[in-house]
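Have a look at the structure below before the remarks.
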Amino acid sequence: MANNRVYQLPVNFSMDGLVAHLGNYFTSLGYSYTPAIMGEVTTIHMEKNVGGIHWITGLGQQADVTINVFQGGVNVTVGGEYWTDKIIAYVLGGFTCGITLVTAIIGTINQVQLPNKVQEQINVFMMGGGAPQQPYGMPPQQPYNGGQAPYGGQPYQQ
């Protein structure tokens, strides 16, 4: 089921900035991330733990994000969720061992939360004015101050 939201278009909106923001966040969580920008429409495919043993355990996560810019707004649709592995894990867990049943429950919870994580990160970007922000895990860059200590502290001694 697709999750759809419409945002008011910020004055400084940058599609490249939004794609980079989502990419930085989701790759830091271990997702593979493939954007395709086509004019005013951007499609992003993201997945994590898809294939291999995850096909049996039900721990895979996948989503397709479509971002459409129109006059005065941005429409974001999150869909294309990955449910086949969860069904297989539920069936295996019900007939054989309960371990895959537990992993299927965990995978289902994670898959249900993925569209909300995407929308939450888009909210963060839009609330920041729609312009590119500092990447995750990177401290804000300070201009060179001639070797003086930041914030009035003692200078660094070698």
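For the numbers below, each heavy atom of this structure counts, side chains included, while hydrogens, waters and symmetry mates do not.
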With rounding to the nearest 0.5 Å, note down the distance linking [atom1] in [X] to [atom2] in [Y].
| X | Y | atom1 | atom2 | answer |
| --- | --- | --- | --- | --- |
| T103 | D85 | OG1 | CG | 9.0 Å |
| I106 | T100 | CD1 | OG1 | 11.5 Å |
| E40 | N68 | CD | CG | 8.0 Å |

ask   = Is the number of heavy atoms from other residues, nucleotides or ligands under 6.0 Å of I99 CD1 greater than 12?
value =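 No.
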query = In the hydrophobic clustering (ILVMFWY, side-chain contacts below 4.5 Å, transitive), which residues join I105, or is it alone?
reply =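 ILVMFWY cluster around I105 also holds Y90, L101, I109.
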With a 4.5 Å cut-off on side-chain heavy atoms, are [Y] and [X] touching?
| X | Y | value |
| --- | --- | --- |
| M126 | I122 | yes |
| L9 | V69 | yes |
| I87 | T84 | no |
| K117 | F26 | yes |
| P115 | E81 | yes |
| V78 | L114 | no |
| V19 | T42 | yes |
| M46 | T34 | no |

task = Would you check if there is a donor-acceptor pair between the side chains of Y7 and N75 at a distance under 3.5 Å?
result =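 Distance-only check fails for N75 and Y7.
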request  = Give the ring-plane orientation class for F125 versus H21, where under 30° counts as parallel, over 60° as perpendicular and anything between as tilted.
outcome  =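 Tilted, since the angle between the ring planes falls between 30° and 60°.
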Side-chain donor-acceptor pairs under 3.5 Å in residues 57-65, sequence neighbours left out?
residue	atom	partner	partner atom	Å
T57	OG1	I53	O	3.4
Q61	OE1	Y31	OH	2.5
D64	OD1	H45	ND1	2.5

ask   = Yes or no on side-chain contact (heavy atoms from CB on, under 4.5 Å) for L22 and I44, after CA distance, side-chain angles and deciding distance?
value = CA-CA 9 Å; L22 291 173; I44 301 167; 3.9 Å; yes
